[in-house]
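Residue numbers begin at 1 in each chain, while the letters A, B, ... track the order of the sequences.
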Amino acid sequence: MDEGAPGPRFMPILLAVFLGILNVLYWMDVFFFQRGGKLNLPQMSELVRPAGFILVGVLMILLWERAGVVATVLIASFIELKGIQGYSWARSIWIGFLFSLSTWVLFQLVLRVPLPAGPFEFLLSL
Amino acid sequence: METIYLLLRGFSVALTPENLLLCAVGVITGTLVGALPGIGSAGACAILLPATFKLGPVGSLIMLAGIFYGTQYGGTITSVLMKVPGESASVVTMFDGNPLARQGRAGVALGLAAIGSFVGGTLSIVGLMLFGPVLANYALELGPAEHFSLMVLSLSLVCAFTGESIVRGLIATCFGLILALVGQDIMTGQPRLTFDFQQLLDGIEFLPVAVGMFGLSETIESFEKKRSMEMIKADLGFFKVLPSLRDLGQSFWAMVRGTVVGFLIGIFPGAGPTISSFISYGMEQRISRNPEQFGKGALAGVAGPETANNAATGGALVPMLSLGLPSSPSTAIMLAALIMFGLKPGPSLFREAPELVWGLIGSLYIGNTLLVIINLACIPLIVLFMDRIRAYLPLAILLLSAFGVYSYRNSVFDIGIMILFGLVGYGMRKIEFPQAPVILGVLLGGAAESSLRQAMVMSDGNPAIFVTRPLSAAFLCLTLASLILPPLFLRKRPKQD
């Protein structure tokens, strides 16, 4: 290592010290100057749909390599459209198929991104 | 003379069929994204960045820039017709644009906004051409100490301009800088902050963080409440949106002032289109002979801010291209694109990649011309498209984000990081912490640390190098001023509604 150069711990420690000082200032700001009191937090009932949307994302991560992206997109789209947005069964399945097909064509065939196909491996030979 | 030669060279790059098409795709996407509430220009740029990897640096930058300034045009449509701003920079347009629409003059409001946007956008590119290369030449003289101080100044300005509390901005900046440290140390190769996760050895990539923070968090928030959006019915045919000469005459000076204000404010990191539109509106109201008309349908209240927010996009490109410093999340994503293509953003870019820089400048002229045509002729089509696609937008954003992030490194772990930062971004929105400093911190963290350590090597470990070199000391003084002055100014200002 070069003479006089700070080591790898220098920046993390420097930032940790800054963050410590800033945290103290933040709480002073909140308690002494009352600048933290106008938060507009959502009600619990309003959090159901955002939580559902995040869970669809988590489900996509779990299925991505196991089920392949075609099935993953189909399932995620169906859950999002039917379960969260409340569309009809037919519309949810139809739009799910459309999204599944279009993302496969765009990313696998046009942009040549090697996507996991899972049980739909035959699509790769098309 | 050299500038004209370089500009012509830029046009020859921008006018190739491929780049022309990419420019058109970028500005149309930007217009639609701007018109759709729930996703901003930074989110759209982040989501579509991976899709531009195959296009090469010039094509990628042309398309991303098209999205960036296209959103400023598109945001006006929903502001005027629905009283729902598609973009934060279009909030001000709503104040007078919507009353104009209720008076049956929606076409005039949209037409004036489009023409003002064109004037502001085009003149700001002239400013970029004049100031960019000069600034880059000066910046070539900067050493590591000056570079570090300049990056600190840039981050502090972002904190000063975004959000109400500088302390929150600084905490967000430190958070971003810490994220940039994750992975192997650049000099020794030692792992830092990886907590024994193999996947973190390569660090946290900028892309999943940016897509999560800007693309996903906005979408998660949009799920909270079902918004009812009532659209004002108006005849928006080509001749209905063309303002009369009288309307144009009334708005002429507002556009000129908007251009100057927008360009100058756009240059400052963190300020950008939103602040410039508010300042322009305030200025127009103050100097107007009929200030009581503002809020009831004043033409200058539409023309000024719309011109300013587009002029700010040209201004924002000045520090990005000349200094390698992003002034907003959208320019940070464009800068990240350059890094991903192996280019070194900064003052040397004008010399080392003139085709890229001048090709981009040429495409800005073309894009602005395309946008004014699209926004004068195709508003009914845009409104129809918006209405049809709105319901499926959250799903489309989730899928495009996931595919885009995955395609960068073929890593499911990155999708996880994206969702995690979508949640973090949503949480930050709820507790009113600004997100822009985090993104800029992640992007600049590596370069800032590298400059800091190089400067310390040069000075044999003496940190005084940052205050003994005049330019570096000046940057640090400005940093201090940017952190101390705004709170003092706000405290002295009387409270207003």
If you take all heavy atoms of [X] and [Y], which pair is closest and at what distance?
{"X": "Pro6(A)", "Y": "Met456(B)", "value": "CD-CB, 3.6 Å"}
{"X": "Pro394(B)", "Y": "Glu80(A)", "value": "CB-OE2, 4.0 Å"}
{"X": "Phe223(B)", "Y": "Arg49(A)", "value": "O-NE, 3.1 Å"}
{"X": "Ala391(B)", "Y": "Tyr87(A)", "value": "CB-OH, 2.7 Å"}

Starting from the C-alpha separation in whole Å, work towards a yes-or-no answer on side chain to side chain contact (heavy atoms under 4.5 Å, CB included) for Phe107(A) and Leu400(B).
CA-CA 10 Å; Phe107(A) 285 91; Leu400(B) 276 176; 4.0 Å; yes
Between CG on residue Leu177(B) and CG on residue Leu19(A), distance to nearest 0.5 Å:
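Answer for the CG-CG pair, Leu177(B) versus Leu19(A), is 9.0 Å.
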State the CG-CZ distance between Leu395(B) and Phe78(A), to the nearest 0.5 angstrom.
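Taking CG in Leu395(B) and CZ in Phe78(A), the distance rounds to 12.5 Å.
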Would you sort out whether Leu399(B) and Phe99(A) count as a side chain to side chain contact (heavy atoms under 4.5 Å, CB included), showing the intermediate values?
CA-CA 8 Å; Leu399(B) 295 178; Phe99(A) 270 115; 3.7 Å; yes
Engaged part of [X] at the chain A interface, taking heavy atoms whose separation is under 4.5 Å:
{"X": "Ile419(B)", "value": "side chain"}
{"X": "Gln190(B)", "value": "side chain"}
{"X": "Ala455(B)", "value": "neither"}

I need the contact set between residues 406-414 of chain B and chain A: heavy-atom distance under 4.5 Å, sorted by residue number.
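Near chain A, by residue number: Tyr406(B), Ser407(B), Asn410(B), Val412(B).
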Residue selection (most heavy-atom pairs with chain B, distance under 4.5 Å) from Gly52(A), Pro116(A), Ser45(A):
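Looking at each option in turn, the highest pair count goes to Pro116(A).
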Residues in residues 10-18 of chain A that sit under 4.5 Å from chain B, counting heavy atoms only
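Residues Phe10(A), Met11(A), Pro12(A), Leu15(A), Phe18(A) are the ones that qualify, each having a heavy atom under 4.5 Å from chain B.
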Inter-chain contacts: residues 91-98 of chain A against chain B, heavy atoms under 4.5 Å:
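So the qualifying residues are Arg91(A), Ile95(A).
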Proximity of Tyr426(B) and Phe53(A) rings by center, below 6.0 Å
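No.
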Side-chain polar contacts of residues 56-77 of chain A - donor-acceptor pairs under 3.5 angstrom, sequence neighbours left out - could you list them?
{"residue": "Arg66(A)", "atom": "NH1", "partner": "Leu62(A)", "partner atom": "O", "Å": "2.6"}
{"residue": "Thr72(A)", "atom": "OG1", "partner": "Leu63(A)", "partner atom": "O", "Å": "3.4"}
{"residue": "Thr72(A)", "atom": "OG1", "partner": "Gly68(A)", "partner atom": "O", "Å": "2.6"}
{"residue": "Ser77(A)", "atom": "OG", "partner": "Val73(A)", "partner atom": "O", "Å": "2.6"}

Could you have a look at Thr173(B), Leu216(B), Leu181(B), Leu452(B) and say which one has the most heavy-atom pairs with chain A under 4.5 angstrom?
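Among Thr173(B), Leu216(B), Leu181(B), Leu452(B), the one with the most close pairs to chain A is Leu181(B).
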